[in-house]
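These notes concern the structure reproduced below.
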Amino acid sequence: LHKEYRRQRQMCIRDSDSARGMCGFLLRHMYGTQAAADGWQQEYAGYMRELGFKQGVASPCVFVHAERNLACSVHGDDFTSCGPEWAVEWFKHKLAAKYESKHDILGHQPKHSKSIRVLNRVLSWADHGITYEADQRHADIVVQELGLTEAKSVTTPSCKEDTDRMLAEPGSPLPPAEATQYRALAARLNYLALDRQDIQFATKEVAKYMATPSQGNWILLKRLARYLVGAPRLVQHFAWQGKG
């Protein structure tokens, strides 16, 4: 076992004279210990391999079952899989036999759900295809944190004039409290930008100055937030593709 893993599992008991010098050996991971996350990863990854999945090399959170044409990604304790219905049903029953779990299947049959949440992204099934909506809460939080709920929106998340002005006159560094808020909002926008192609460039410009944000950088952040006032949601549409 890993040295840190062994250290976490040994709990020295010093409060009682009768137990002085004794220690306890954990048979299971305790929630909150440093090795708990790694232990869970080893647990589910081992079980997935037992079921015939091949674990990703570049991303060990991705698994593929070639014989069943089934792909699965794991984020914490959330398993998201895609494949033929019979394969998904097989995997659902295998997980239920091993772990206490809840399941939901997005599909075309009446028994299937027509809208589900995956890590707070909304996936919907329709006759014309599948839609994918980013988690709107992050956009709402950015706007609220900056007090721009009632502000006039802008049509673009960034503009060359603001960037040129910021580069020419960056202004003084932000006070510590505002600098902390700037970094927190920039990090939230980075997460949102994974699902929002429309703000990726503007978010990259904001994130460039996270180390030492200035008054000029604050202007870039507020413009991006004002764009989100008018465009709080982005829904991507993936139309069904014909054969051939």
Side-chain angles (χ1 to χ4, degrees), residues 37 56-62 73-76 78 80 82 115-124 126 128-241:
V57 177
S59 178
C61 297
V62 176
S73 66
V74 185
H75 184 278
D78 290 312
T80 305
C82 179
S115 182
I116 64 173
R117 284 186 175 270
V118 178
L119 300 176
N120 283 318
R121 282 86 164 177
V122 181
L123 279 76
S124 300
H128 52 72
I130 293 178
T131 59
Y132 178 100
E133 180 177 354
D135 186 353
Q136 184 184 348
R137 298 176 306 165
H138 297 293
D140 293 339
I141 291 173
V142 171
V143 172
Q144 293 168 8
E145 286 276 331
L146 294 174
L148 298 174
T149 305
E150 303 298 328
K152 183 179 179 181
S153 64
V154 293
T155 57
T156 59
S158 64
C159 69
K160 187 174 184 301
E161 291 76 10
D162 285 346
T163 303
D164 291 343
R165 189 184 314 117
M166 182 274 298
L167 292 174
E169 300 179 8
S172 58
L174 292 175
E178 291 186 4
T180 298
Q181 183 185 26
Y182 181 97
R183 297 186 188 101
L185 293 177
R188 187 177 293 278
L189 287 166
N190 266 326
Y191 185 80
L192 179 61
L194 292 172
D195 304 311
R196 295 274 310 247
Q197 295 89 339
D198 55 331
I199 66 169
Q200 287 180 353
F201 176 80
T203 298
K204 183 262 295 182
E205 292 298 301
V206 167
K208 281 168 58 175
Y209 305 98
M210 289 177 67
T212 54
S214 66
Q215 298 292 341
N217 306 143
W218 195 258
I219 293 175
L220 300 183
L221 177 62
K222 292 186 71 173
R223 180 180 180 92
L224 177 48
R226 288 173 59 201
Y227 170 76
L228 293 175
V229 171
R233 300 174 58 189
L234 177 69
V235 179
Q236 301 180 58
H237 174 216
F238 297 91
W240 301 122
Q241 301 296 309

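Along the sequence shown, the residues carry numbers beginning at 1. Heavy atoms only: backbone and side chains are in, while hydrogens, waters and symmetry mates are out. This structure is a prediction, so every number in the text was calculated from the model and none was measured.
For the pair R226 (side chain) and K152 (backbone), a donor-acceptor distance under 3.5 Å is present. Remark: side-chain polar atoms of E133 are not paired, donor with acceptor, to backbone N or O of V235 under 3.5 angstrom. Looking only at distances, no side-chain donor or acceptor of E205 sits under 3.5 Å from a matching main-chain atom of S158.
Side-chain contact between V206 and N217: absent, with no pair of heavy atoms (C-beta onward) separated by less than 4.5 Å. The side-chain heavy atoms of I199 and L228, taken from C-beta on, include a pair separated by under 4.5 Å. Put simply, the side chain of R223 does not reach to within 4.5 Å of the side chain of P157, judged on heavy atoms. Taking 4.5 Å as the limit, some side-chain heavy atom of W218 sits within range of a side-chain heavy atom of Q181. No side-chain heavy atom of I219 sits under 4.5 Å from any side-chain heavy atom of M166. With contacts defined as side-chain heavy-atom distances shorter than 4.5 Å, the pair V118/D78 does not qualify. With contacts defined as side-chain heavy-atom distances shorter than 4.5 Å, the pair Y191/H138 qualifies. Using a 4.5 Å heavy-atom cutoff, the side chains of Y132 and H237 are not in contact.
A distance of 4.0 Å separates CZ of R188 from CD1 of I141, quoted to the nearest 0.5 Å. The distance from the CZ atom of R121 to the CG atom of L194 is 6.5 Å, given to the nearest 0.5 Å. The line from CD1 of I130 to CZ of F238 is 9.0 Å long, rounded to the nearest 0.5 Å. Atom CG of residue L221 and atom CE of residue M210 lie 10.5 Å apart, to the nearest 0.5 angstrom. Rounded to the nearest 0.5 Å, atoms CG (L189) and CG (L224) are 5.0 Å apart. Separation of atoms CD (Q136) and CG (L192) is listed at 10.0 Å; rounding is to 0.5 Å.
In this structure, the side chain to side chain contact (heavy atoms under 4.5 Å, CB included) partners of L234, at least two apart in sequence or on a different chain, are R196, Q197, D198.
A salt bridge does not link R137 with D140: every distance from a Lys NZ or Arg NE/NH1/NH2 to an Asp or Glu carboxylate oxygen is 4.0 Å or more.
When all heavy atoms of P213 and Y182 are compared, the closest pair comes out as CB-CD2, 3.5 Å. Nearest heavy-atom pair, A225 versus V143, reported as atom, atom and distance to 0.1 Å: O-CG2, 3.6 Å.
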For a quick test of your reading: what N or O donor-acceptor pairs under 3.5 Å do the side chains of residues 168-176 make, sequence neighbours left out?
none

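Within 6.0 Å of the NE2 atom in H75, the count of heavy atoms belonging to other residues, nucleotides or ligands does not exceed 12.
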